[in-house]
Amino acid sequence: QAQLVESGGGLVQPGGSLRLSCAASGRTFTEYNWGWFRQAPGMEREFVAAISRTAASTYYQESVRGRFTISRDNAKNTVYLQMNRLKPEDTAVYYCAGSYSYYSNDLFLTESRYTDWGQGTQVTVSS
């Protein structure tokens with residue numbers, strides 16, 4: 001399994017920005033698909049964004065499309081989630097997830113497709 005460590009969470013005002021990072025070790029980063037999920041209090045964990053091995057394909061949950069951007073830096077073994085125009089409803093614990101992918105442009109959109117998970121980082125959007 002890959003070891004994943006998220007960082008970058010915190011408290012931000014509505015309309016502000018944060019960039020989450022997920023540093024991976026223990027596996028071949030370039031062979032993995034990556035995703036971000038989040039879990040708000042009292043809610044089930046939900047999909048936020050996904051990126052393919054080559055970064056040629058990305059996909060976003062409808063509510064974050066146009067505000068969030070997922071990216072990967074293979075040289076740094078790190079996945080990012082840039083979050084702009086944050087809203088109070090974006091408040092949640094955000095999790096990074098990864099899994100081996102045979103196909104270079106495949107995307108994993110559900111929890112069950114991911115084998116490796118980070119510990120989560122809290123994002124709070126409040127004035």
Side-chain angles (χ1 to χ4, degrees):
Q1 280 191 325
Q3 287 73 51
L4 310 179
V5 179
E6 298 108 329
S7 61
L11 173 64
V12 63
Q13 292 186 344
S17 298
L18 283 174
R19 188 177 79 158
L20 305 184
S21 299
C22 174
S25 62
R27 290 292 188 180
T28 305
F29 183 85
T30 55
E31 295 180 348
Y32 266 46
N33 276 9
W34 297 97
W36 286 94
F37 290 75
R38 66 186 181 186
Q39 186 169 22
M43 306 290 285
E44 293 189 354
R45 190 156 57 184
E46 63 177 1
F47 168 81
V48 175
I51 189 166
S52 63
R53 282 178 52 179
T54 64
S57 298
T58 58
Y59 190 81
Y60 299 90
Q61 181 200 108
E62 179 67 30
S63 68
V64 308
R65 198 167 294 152
R67 299 188 297 122
F68 291 11
T69 303
I70 188 172
S71 62
R72 59 189 295 162
D73 186 335
N74 289 344
K76 296 182 178 180
N77 285 6
T78 301
V79 184
Y80 301 99
L81 185 67
Q82 177 67 44
M83 305 185 294
N84 298 328
R85 304 199 307 275
L86 282 160
K87 304 175 181 180
E89 51 264 43
D90 294 318
T91 295
V93 177
Y94 283 71
Y95 297 91
C96 171
S99 191
Y100 171 78
S101 176
Y102 180 82
Y103 298 104
S104 60
N105 289 322
D106 200 6
L107 287 171
F108 297 164
L109 307 185
T110 59
E111 287 190 49
S112 61
R113 298 300 305 273
Y114 290 94
T115 56
D116 305 332
W117 291 83
Q119 81 288 351
T121 185
Q122 176 70 47
V123 172
T124 302
V125 185
S126 175
S127 55

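Residue numbers count from 1 along this sequence.
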When hydrophobic residues are tied together by side-chain contacts of less than 4.5 Å, even through go-betweens, does Phe29 share a cluster with Leu81? yes
Do Leu18 and Val5 share a hydrophobic cluster (ILVMFWY, side-chain heavy atoms under 4.5 Å, transitive)? no
Inspect the contact between Arg53 and Glu31 and indicate whether a charged nitrogen and a carboxylate oxygen are less than 4.0 angstrom apart. no
Any side-chain heavy-atom pair of Met83 and Val64 under 4.5 Å: no
Can you confirm whether Gln119 is buried at CD, in the sense that more than 12 heavy atoms of other residues, nucleotides or ligands lie under 6.0 Å from that atom? yes
Shortest non-hydrogen contact from Asn84 toward Ser17: OD1-OG, 3.0 Å
Mind running side chain to side chain contact (heavy atoms under 4.5 Å, CB included) on Arg67 and Asp90 for me, showing each step along the way? CA-CA 11 Å; Arg67 299 188 297 122; Asp90 294 318; 2.8 Å; yes
Quick one about Ser25 and Asn77 (side-chain donor to acceptor, distance below 3.5 Å, no hydrogens or angles considered), yes or no? no
Quick check: do Ser99 and Asn33 have side-chain heavy atoms less than 4.5 Å from each other? no
Pairs touching residues 41-82 that satisfy disulfide bond (SG atoms under 2.5 Å apart), sequence neighbours left out: none
Tell me the closest heavy-atom pair linking Lys76 and Thr78, and the distance in Å. O-OG1, 2.8 Å
To the closest 0.5 Å, what do you measure between CD (Glu46) and CH2 (Trp36)? 14.5 Å
Distance from Ser63 atom OG to Glu89 atom CD, nearest 0.5 Å? 8.0 Å
How are the rings of Tyr114 and Phe37 set to each other: parallel, tilted or perpendicular (split at 30° and 60°)? perpendicular
Do other residues, nucleotides or ligands put more than 12 heavy atoms under 6.0 Å from the OH atom of Tyr103? no
Specify the closest pair of heavy atoms between Ala97 and Leu4, including all atoms of both residues, with the distance to one decimal. CA-CD1, 4.1 Å
How many angstroms lie between atom CG of Asn105 and atom OG1 of Thr58, to the nearest 0.5 angstrom? 11.0 Å
Heavy-atom closest pair, residues Ser127 and Pro14: N-CD, 3.7 Å
Could you see if Val93 belongs to whatever hydrophobic cluster contains Phe47? Use Ile, Leu, Val, Met, Phe, Trp, Tyr and a side-chain cutoff under 4.5 Å. yes
Point-to-point distance, once rounded to the nearest 0.5 Å, from CG of Leu20 to CD of Gln82: 9.0 Å
Can you tell if the side chain of Phe68 reaches within under 4.5 Å of the side chain of Gln61, non-hydrogen atoms only? no
Distance col, row Leu107:CG vs Ile70:CD1, nearest 0.5 angstrom, shows 9.0 Å
If hydrophobic clusters are built by linking Ile, Leu, Val, Met, Phe, Trp and Tyr wherever their side-chain heavy atoms come under 4.5 Å apart, do Trp34 and Tyr100 end up in the same one? yes
For Tyr60, look at atom OH and say whether over 12 heavy atoms of other residues, nucleotides or ligands are found less than 6.0 Å away. yes
Working to the nearest 0.5 angstrom, can you tell me the gap between Tyr94 OH and Glu6 CD? 12.5 Å
Grab the two heavy atoms, one from Tyr95 and one from Gly118, that are nearest each other, plus how far apart they are. CD2-O, 3.6 Å
Give the C-alpha distance, both sets of side-chain angles, the deciding distance and a yes or no for side chain to side chain contact (heavy atoms under 4.5 Å, CB included) between Thr91 and Arg38. CA-CA 9 Å; Thr91 295; Arg38 66 186 181 186; over 6 Å; no
When hydrophobic residues are tied together by side-chain contacts of less than 4.5 Å, even through go-betweens, does Ile51 share a cluster with Tyr102? yes
Between Asp106 and Ser52, is there a side-chain donor-acceptor contact under 3.5 Å, judged purely by atom types and distance? no
Could you tell me whether the side chain of Asp116 reaches within less than 4.5 Å of the side chain of Tyr32, counting heavy atoms only? yes
